[in-house]
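Letters A, B, ... mirror the listed sequences (proteins, then strands); counts begin at 1.
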There are 2 protein chains.
Amino acid sequence: MKRKVTLKQIAKELDVSISTVSKALRNSKEISEDTREKVQAFAKLYNYKPNNIALSLKNKKTKTIGIIIPEIVHHFFSKVIRGIELVANKRGYNVIVGLSNESFNKEVINMEMLANGSIDGFILSISKETLLQQDYHHFYETINQGMPIVMFDRVVNDVRCDKVIVDDLKGSKKAVNKLIENGCKNIAIITTKDYVSVGKLRTQGYLEALEDHKIQPKSELILKIVEELDAEDHLEDLEAEIECLIKNNPEIDGVFAVNELYALTAMKVAKKLKRKIPADIQVIGFTDGVLSKHATPSLTTVSQHAQQMGEKAAELLIDNLEHEEEEEHYKTVVIETELIERESTK
Amino acid sequence: MKRKVTLKQIAKELDVSISTVSKALRNSKEISEDTREKVQAFAKLYNYKPNNIALSLKNKKTKTIGIIIPEIVHHFFSKVIRGIELVANKRGYNVIVGLSNESFNKEVINMEMLANGSIDGFILSISKETLLQQDYHHFYETINQGMPIVMFDRVVNDVRCDKVIVDDLKGSKKAVNKLIENGCKNIAIITTKDYVSVGKLRTQGYLEALEDHKIQPKSELILKIVEELDAEDHLEDLEAEIECLIKNNPEIDGVFAVNELYALTAMKVAKKLKRKIPADIQVIGFTDGVLSKHATPSLTTVSQHAQQMGEKAAELLIDNLEHEEEEEHYKTVVIETELIERESTK
DNA sequence: ATCTACAACGAAAACGTTTTCGTGTTAACA
DNA sequence: TGTTAACACGAAAACGTTTTCGTTGTAGAT
């Protein structure tokens, strides 16, 4: 087992100084061609690679970016990571990921763990608990220490940092408009409580679309799910709530759901109640997931372009890191949504 | 913007030496109580946290583990990551992920990028291209440099390292046995080419289960898909191949598919050909995915316990890192599979 | 007055780099 | 012969820690 070789060892072996070795390897013309060749040959032979940690310490740059997300077993987030990793790698950066698991504490701990020199900047999406408690001190402190943050999807406006968001409002308007165009008269929405910013915005888009078409929104048709922080485990509750909605409002002929699970559950319930999709009820979801594509009937959705979001976020962060221009001018990039029509709409 | 404070700055401010500050913060009794309190108060005030990079350099430990996987937008892999992150975090480690994207080159580059001091050890699953080329020099070199590796799921036996695998053979036997018990007489398998070790093993399990029941395997019923390295993009081809299989062999009354996509596509084709599931054809998949649960009909699958695999892998690696006992005795942990019965079987 | 012992602290090395600033040697030139 | 310039290289600092090994100063014992 031959451990990694260092400059010092090469220097000793070749009976020159460490500086000489370093310079020779970087092709400094300060060093004679003879010595350069000798050193380089030796280094190649022993497969010398500079130690990243030492470089990081010296340069005060780690070439690593930290990602903090609420959950990784989730198509949206894993696609974002893929996007981040893609451009990070292309630009010579590594990514280190921390999962908040939707918990405020884990988010804080994870950030503190990474903020002490391990990374150059953060890309993150805020946990539900944090959004609920509205405690953002960890973001402020991080930024105050000179470490840039880029937030995506779940952001909070007050924090001074770059942001990448989906045009939730426009996206849901698109969806609801589509339902209206397709002849739906009584469109229900299945959404989240308002503290989840994206839920709020999507609800707003729904309302605006109705208003644009002079349709009076009815509160009975707006179902706000209390998220038990882990919806997958409470599928029956979700199903029951949606079943209530549809049973109590048999006039419903269109459903807009703010995420994939809600949409799929809605379709499931509808089928159970013997409603044909899309004949009796048309359904549109909001998501990037794989479920929509493979569901039966396949689900029309508002696609969020998750990977593109990740790419953009990484670009913003790295640009910020590499141009120290300290402009203090933060951008908010809006990623356009796209309505992908499948079988659940006419 | 107050940048991170260092020992040196505290020392200067308090007019003591760096060593004194360091010792005071670590509660060394070498330092008088007076000084200790003073230093600690000051450190707390300025929110001192030791610099991880400096610690890493000094200790020659980064407390970070590297994960290399072929793909992240994939339920199996993201669940494994979740498992790894869970125990890594619990034991004070961070995780840094690299994606090979099923490419040999990216796998090598990623590993080299991380092996130069950034991490203490690897957890990885081998890319298809690497398996195909059978070039494992990067693994050998890494291990030779004293950096431990834990492989999971897609492993190669020759490499001397810990491994965590699913009992693919037993798992697929379970599945096929189930189909036989349920009365299937002509069971087809949709699998991968043999160079993907898990595909090979699952095929083998299929064959053994048939043999155990004195059923003669028929080569027409064994469909080995050539993976175009990105199956999602060639859905129609996949569909066409499976349609061929079922059309040419109308006697098929059971299908065992080695992954979720194949299984779902098989169900889709079956429905298209007006076969009832599970009445005419029963289907079982092999996966941990979310599609199976939400498909219609929902898919009976062999669950791989992905998260548990991740947890185990992380434990093996960290145990190895922390007990320097150099036993050179490598373990292979087998994670049992579980047959989850849903609607696609009787 | 001398010695011992202990308490409280500081200097310096070490981890592996890069880079600045010497320094010694040689050759060219006046 | 003496001066200068170029060349080739080395010493040392710096990044932020921890730790070993001094070095003081003081108090108590002889």
Base, sugar-phosphate, or nothing for [X], non-hydrogen atoms under 4.0 angstrom?
X: A/Ser22; answer: base
X: B/Thr6; answer: sugar-phosphate
X: A/Ser19; answer: base
X: A/Lys23; answer: base

**Message:** My understanding is that only one of B/Arg154, B/His138, B/Glu107 makes a side-chain hydrogen bond (donor to acceptor under 3.5 Å, both in side chains) with B/Thr130; could you say which?
**Reply:**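 With B/Thr130 as partner, side-chain hydrogen bond (donor to acceptor under 3.5 Å, both in side chains) holds for just one option, B/Glu107.
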
**Asked** Checking side-chain hydrogen bond (donor to acceptor under 3.5 Å, both in side chains) against B/Gln307, which of B/Lys312, B/Lys79, B/Arg82, B/Glu85 comes through?
**Response**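 Of B/Lys312, B/Lys79, B/Arg82, B/Glu85, side-chain hydrogen bond (donor to acceptor under 3.5 Å, both in side chains) with B/Gln307 is met by B/Arg82 alone.
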
**Item:** Pairwise 5' ranking along DNA chain C for B/Lys60 and B/Thr35, keeping only the more 5' one
**Value:**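 So the residue in question is B/Thr35.
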
**Item:** B/Arg91 and B/Asp319 ion-paired at < 4.0 Å
**Value:**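 B/Asp319 and B/Arg91: salt-bridged.
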
**Whichever of A/Glu30 and B/Val5 has its nearest DNA chain D nucleotide further upstream toward 5'** =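 It is A/Glu30, whose closest nucleotide lies nearer the 5' terminus.
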
**Asked** Can you name the nearest heavy-atom pair linking B/Leu7 to B/Ser22, along with the distance?
**Response**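 That would be CD1-CB, 3.9 Å.
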
**Request:** Look at atom CG of A/Asn27 and say whether more than 12 heavy atoms of other residues, nucleotides or ligands are closer to it than 6.0 Å.
**Result:**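 Atom CG in A/Asn27 is packed in, count exceeds 12.
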
**Message:** Heavy atoms within less than 4.0 Å of DNA chain C: which residues of residues 42-59 of chain A have one? Give them sorted by number.
**Reply:**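 Correct list: A/Tyr48, A/Lys49, A/Pro50, A/Asn51, A/Ala54, A/Leu55, A/Lys58.
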
**Asked** In whole Å, what is the span from the CD1 atom of A/Ile31 to the P atom of C/dT23?
**Response**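 After rounding, the gap between these two atoms is 18 Å.
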
**Message:** Nearest 0.5 Å, please: how far is CG in A/Leu114 from OG1 in A/Thr64?
**Reply:**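 Output value for this atom pair is 10.0 Å.
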
**Prompt:** Looking just at side-chain N and O atoms, do A/Asp153 and A/Ser125 make a donor-acceptor pair shorter than 3.5 Å?
**Reply:**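 On atom types as modelled, these side chains do not qualify, holding no pair under 3.5 Å.
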
**Request:** Provide the start and end nucleotides, 5' to 3', of the part of DNA chain D that has atoms under 4.0 Å from heavy atoms of chain B.
**Result:**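 Nucleotide range in contact with chain B: D/dC15 to D/dC21.
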
**Request:** Could you label the plane-to-plane angle of the A/Tyr136 and A/Phe139 rings as parallel, tilted or perpendicular, counting under 30° as parallel and over 60° as perpendicular?
**Result:**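 Parallel: the ring planes of A/Tyr136 and A/Phe139 meet at under 30°.
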
